[in-house]
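The model shown is predicted, which means the values in this text are computed figures rather than measured ones. Both counts, for ligands and for their atoms, begin at 1 and track the order of listing.
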Amino acid sequence: MLENLTQQPPDKIIMLSGMFRADERDTKIDLGVGVYKDANGNTPIMRAVKKAEQLLWNEETTKSYTALVGDGAFHKVMADLVLGDSVSYDRLAFAHAPGGTGAIRQILELIKVASPDATVWMSNPTWPNHPAMVKGVGIPMETYAYLNMETRTVDFDGMMGDLAKVKSGDIVILHGCCHNPTGANLNQTQWGKVADLLNEKGAVPFIDIAYQGFGDGLDEDAFGVRLLAQKCPEMLISASCSKNFGIYRERCGLVITVSKDADNTALAQGMLSSLNRLNFSFPPDHGARLVTMVLSDPELRADWEAELEEVRTGMLGLRKMLADALRAETGSDRYGFIAEHRGMFSRLGLSEEQVTQLREEHAIYMIGDSRFNVAGLNEKVIPILAKAIVAVGG
Ligand code: LMR
């Protein structure tokens, strides 16, 4: 039986991590997978999360199952974090899933059942796992223009031109903030225009929000998702706690659906419960419990917000430092966009060959489309990277 299987294409991001680990050069620099690193190259456990773990160790009395869709207290704190008071709670249904990826998968399965003729639209480019998963679930897909290569800002005319082609019932994936891989984001006016167009077309927004707090701030990064929640009758949301709580391996993500009314909410909740049961029964609890504790305890929450803010402003500083170093090395402002972008990633605009050269000759690892992880930078790495970019002709 197993001989019938065919070789699967490796995921480029995960493959690169393996290549980095196998590289024996002690000068190697990892700008690949989107994992936060401090100035020493470590991915720390956030202070409030560590404290919550200590409390949990003392307080937890059972490891028995929670509900199929996870704990209601987790849903509530996350709804507040992501949606604020933009939408009434009786329009929301939830499913805790293993990571943001798990939440996306559950949403795609829900789409397949609820809207079998829908096409899923995604930005070109997007996180490579978006098209891979949509294909895996067997849903037709289309892309919409996203990045203006000249200005390195959102190609808003191109995007709206493509989205004008969506059909009623189609689904449009939007990155809530910190667009992965480009770092270029919609401004507030553009969010409003996208919402109006999708409503006019009868299309359903699907917001993937994996980096809330890494861009302009916790509330600022939720502007788009909250605006759409106010304006659109229906919406799908996948939220990840991997990055902003630093709990990657705990696999903590959440599906939130926004429905027209309470009857539809009950239908969505029932389907989400069933999908969890069919796919993995109960979601992993530990990460969600920590998130709930951190968000509901004023002291832990204040400390978490302060540390997240240090992470965010640290990354902004690194963006500026790299843009300055490249300005000095190239004598031009062609990398100035790095300081303007937000979140963990930008794309340098190098060719695959140049990216390979960076890896082979300079031990610098980034994704083949020249996406680099801002958090992999530090004061020591920045001048090395700037010189290497110029050395490969960038
Ligand atoms: C990334 O884009 O590097 C992260 O979202 C990690 C992943 O799973 O790909």
side-chain contact (heavy atoms from CB on, under 4.5 Å) partner of I367, chosen from V355, L16, L31:
L16
Under the rule for salt bridge (charged side-chain N to carboxylate O under 4.0 Å, His left out), what residues qualify as partners of K37, not counting sequence neighbours?
D30
Around D11, counting heavy atoms of other residues, nucleotides and ligands shown, do more than 12 lie under 6.0 Å from its CG?
yes
So does R47 have more than 12 non-hydrogen atoms from other groups sitting under 6.0 Å from CZ?
yes
Write down the atom of M235, the atom of V225, and the distance for their closest heavy-atom approach.
CE-O, 3.4 Å
In terms of side-chain heavy atoms, does T62 have a donor or acceptor partner in S64 at a distance below 3.5 Å?
no
Filter the ligand 1-protein atom pairs down to N or O on both sides and distance under 3.5 Å, then list them.
from	atom 1	to	atom 2	distance (Å)
ligand 1	2 (O)	W127	NE1	3.1
ligand 1	2 (O)	N180	ND2	3.0
ligand 1	2 (O)	R371	NH1	2.8
ligand 1	3 (O)	G34	N	2.7
ligand 1	3 (O)	R371	NH2	2.8
ligand 1	5 (O)	Y211	OH	3.3
ligand 1	5 (O)	K243	NZ	3.1
ligand 1	9 (O)	W127	NE1	3.0

